[in-house]
Amino acid sequence: MGHHFGDLAKIRHVITYSISPFEQRAFPNYFSKGIPNVWRRFKTSVFKVAPPMVLMYLTYTWGNRVHEQSKRKNLEDYENDQ
């Protein structure tokens, strides 16, 4: 009953290594390398992702506009009614 959660089972032929939480750095190089890397990855993928999204948005808005227009009555059909 004195085992910690990570030591509940003994598995043979498996070697695990760990480092103390006091020796780790939570966010190493976050501002110096992380943010520029995100910007670089964004620049390389935006031209692959954005054009299909813009095309689908324009198609969607066009379809909604045509649908709304088709739901209206055409007043020229009712000009000669009494």
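Nothing fancy with the numbering, it's 1 onward along the sequence. This one's a predicted model, so the numbers in the text were calculated from it and none came from an experiment.
Dense packing is recorded around CG of Asp81, with more than 12 heavy atoms of other residues, nucleotides or ligands lying under 6.0 Å away.
Taking the side-chain contact (heavy atoms from CB on, under 4.5 Å) definition, one finds that Asn74 meets it with Glu76, Asp77, sequence neighbours left out. In terms of the side-chain contact (heavy atoms from CB on, under 4.5 Å) criterion, residue partners of Val14 (sequence neighbours excluded) are, by chain and number, Ile11, Thr16. A search for side-chain contact (heavy atoms from CB on, under 4.5 Å) contacts involving Val38 returns nothing, not counting sequence neighbours.
In this structure, Tyr17 belongs to a hydrophobic cluster whose other members, linked by side-chain heavy atoms under 4.5 Å apart, are Ile15. Grouping Ile, Leu, Val, Met, Phe, Trp and Tyr residues whose side-chain heavy atoms lie under 4.5 Å apart, directly or via other members, leaves Phe22 alone, with no other cluster members.
Pairs passing the side chain to side chain donor-acceptor pair (under 3.5 Å) check and including a residue from residues 25-44, sequence neighbours excluded, read Asn37-Arg40.
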Can you give the donor-acceptor pairs under 3.5 Å from side chains of residues 57-68 to other protein atoms, not counting sequence neighbours?
from, atom 1, to, atom 2, distance (Å)
Thr59, OG1, Leu55, O, 2.8
Thr61, OG1, Tyr57, O, 3.1
Thr61, OG1, Leu58, O, 3.0

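Linking ILVMFWY residues whenever their side-chain heavy atoms come closer than 4.5 Å, directly or via other members, leaves Phe47 and Val49 in distinct clusters.
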